[in-house]
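As structure tokens, the structure follows; a few thoughts come after it.
Values below: all heavy atoms of this structure, side chains included; hydrogens, waters and symmetry mates excluded. Chain naming here is simple, since letters A, B, ... match the order of the sequence lines and numbering starts at 1 in each.
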Number of protein chains: 2
Amino acid sequence: MDHNLENIVNHRISTLAVLMKRQVFNIIARKELKITPDQWVVLYFLWQENGLSIGELAKRAKKDFANVTRIVEKLVKMDYVTKKKSEKDSRVCNVFLQPKVEAIKNDIQNCWKEASDVALKGVTQSEQKQLTDILIKIENNILLDLE
Amino acid sequence: MDHNLENIVNHRISTLAVLMKRQVFNIIARKELKITPDQWVVLYFLWQENGLSIGELAKRAKKDFANVTRIVEKLVKMDYVTKKKSEKDSRVCNVFLQPKVEAIKNDIQNCWKEASDVALKGVTQSEQKQLTDILIKIENNILLDLE
DNA sequence: AAACATTATTTGTCACGACAAATAAAAAAT
DNA sequence: ATTTTTTATTTGTCGTGACAAATAATGTTT
């Protein structure tokens with residue numbers, strides 16, 4: 001077994017993810033956006049399908065339910081979304097986009113684009129394809145392992 | 001621009017990193033180890049060079065100084081390391097391994113191995129090489145961008 | 001030497017990860 | 001119909017990101 005931390009994929013990917021998050025925070029700070037990447041992710045899934053429940057958001061974003069509750073809480077506080085108990089099943093809480101989010105949609109997409117451009121500088125299309133394919137393979141391995 | 005979150009490398013890598021961390025926590029829980037991956041990382045660099053300073057640890061682990069302070073704090077509390085002010089420069093704090101860590105070194109390395117084995121199941125050697133090469137490229141892009 | 005700048009570390013605050021335990025409502029079992 | 005189980009969400013606690021501000025010690029300038 002290779003004991004060099006640098007050669008352990010898990011560690012390499014974790015470290016890279018941290019660096020990427022740091023870089024995105026830089027972009028956000030520069031643009032003075034008052035929103036975090038994890039809040040974007042929730043908004044993203046709502047743009048795909050408005051009115052999703054907390055649980056459905058958690059599943060799609062592969063996040064902890066408890067944490068999604070709190071992310072949505074913040075989005076509510078900033079008036080980007082509202083929560084409403086489902087009429088059919090009052091355990092369920094649906095989340096709806098508020099008009100105010102339209103104003104930041106473009107900014108958010110530009111952040112994603114900027115971050116992506118920096119990361120992929122000099123990485124060819126074919127490499128990007130290879131990367132994605134392998135990452136998906138690994139992701140599936142882990143999802144399977146987590147049941 | 002591609003607005004599908006799944007196709008943004010940054011997001012894919014972030015998500016995968018979260019899944020990997022979740023999986024490692026599972027392994028740790030199963031083995032009843034009382035230590036976290038980020039604490040391992042600090043120990044790892046101390047195994048490479050005992051007596052490193054907080055700052056040097058932060059640099060090598062690519063972590064925030066403040067956070068390394070707190071990670072080391074916990075390791076001290078668990079008696080895995082000790083801290084000692086440098087004699088030459090009393091601003092500097094050197095961290096030294098305690099004999100107690102020897103007992104968990106193997107466990108830690110086995111965790112890394114287990115996690116890696118799950119992740120890389122069915123990923124060929126050549127794919128692993130491709131993956132690492134591209135990840136390094138991206139890492140360098142981002143490090144450059146962060147100055 | 002005294003004032004100022006730099007460097008190493010610490011402390012505080014917030015966001016979000018994990019997990020466990022608590023609620024509340026619906027569904028299933030008896 | 002009441003009890004039990006399951007499901008959706010929330011709350012609490014802890015570890016670790018990020019960043020800013022505070023300390024403390026060293027270096028530099030004048």
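A heavy-atom distance below 4.0 Å to DNA chain C is reached by none of the residues of residues 100-108 of chain A. Within residues 80-94 of chain A, the residues that place at least one heavy atom under 4.0 Å from DNA chain C are, in residue-number order, A:Asp89, A:Ser90, A:Arg91. Taking every heavy atom of residues 35-55 of chain A and every atom of DNA chain C, pairs under 4.0 Å involve A:Thr36, A:Asp38, A:Gln39, by number.
Both A:Leu97 and A:Ile71 sit in one connected hydrophobic cluster of ILVMFWY residues. Membership requires side-chain heavy atoms under 4.5 Å apart, directly or through other members. B:Ile142 and B:Ile8 are assigned to two separate hydrophobic clusters, defined by single-linkage of ILVMFWY side chains at heavy-atom distances under 4.5 Å. In terms of hydrophobic clustering, with Ile, Leu, Val, Met, Phe, Trp and Tyr side chains grouped at heavy-atom distances under 4.5 Å, A:Val18 and B:Val18 are assigned to different clusters.
For the pair B:Arg60 CZ and C:dA8 C1', the interatomic distance rounds to 16 Å; values are reported in whole Å. Distance, A:His11 NE2 to D:dT16 C1': 14 Å, rounded to whole Å. Between the CG atom of A:Leu57 and the P atom of D:dA8 there is a distance of 13 Å, rounded to whole Å. Rounded to an integer number of Å, the gap from CG of A:Leu75 to C1' of C:dC16 is 13 Å. The distance from atom NZ of B:Lys59 to atom P of C:dT7 is 10 Å, rounded to the nearest whole Å. For A:Glu73 and C:dG17, the CD to P distance is 14 Å, given to the nearest whole Å.
Residue B:Glu6 places its CD atom among more than 12 non-hydrogen atoms of other residues, nucleotides or ligands, all under 6.0 Å distant. In this structure, B:Lys121 places its NZ atom where only 12 or fewer heavy-atom neighbours from other residues, nucleotides or ligands lie under 6.0 Å away.
Phosphate contact (OP1/OP2 of D:dT9, side-chain N/O of A:Thr69, threshold under 4.0 Å): absent.
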List the steps and the verdict of salt bridge (charged side-chain N to carboxylate O under 4.0 Å, His left out) for B:Asp133 and B:Lys137. CA-CA 6 Å; B:Asp133 289 347; B:Lys137 223 176 192 176; over 6 Å; no
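Sorted by first and then second residue, the salt bridge (Lys or Arg N to Asp or Glu O under 4.0 Å) pairs involving residues 74-86 of chain A (not counting sequence neighbours) form an empty list. Residues in residues 49-69 of chain A take part in these side-chain hydrogen bond (donor to acceptor under 3.5 Å, both in side chains) pairs, two or more places apart or across chains: A:Asp38-A:Lys63, A:Glu49-A:Arg60, A:Glu56-A:Arg60, A:Lys62-A:Glu139.
The minimum heavy-atom distance between A:Asn141 and B:Leu120, with the atom names listed, is ND2-C, 4.0 Å.
The CD atom of A:Glu102 lies 7.0 Å from the CH2 atom of A:Trp47; values are rounded to the nearest 0.5 Å. Atom CD1 of B:Ile35 and atom CD1 of B:Ile28 lie 8.0 Å apart (nearest 0.5 Å). The structure places CD of A:Glu73 at 9.0 Å from CD1 of A:Ile54, a figure rounded to the nearest 0.5 Å.
Contact annotation for B:Gln23: no contact, since no heavy-atom pair falls under 4.0 Å across all strands.
Looking at A:Lys21, its side chain never comes within 3.5 Å of a backbone N or O of B:Ser14 through a donor-acceptor pair.
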What protein N or O atoms touch nucleotides 18-22 of chain C N or O atoms at under 3.5 angstrom, if any, and at what distances?
unit_1	atom_1	unit_2	atom_2	d
C:dA18	OP1	B:Arg22	NE	2.2
C:dA18	OP1	B:Arg22	NH2	3.0
C:dA18	N7	A:Asn67	ND2	3.4
C:dA18	N6	A:Arg70	NH2	3.4
C:dC19	OP1	B:Asn26	OD1	3.4

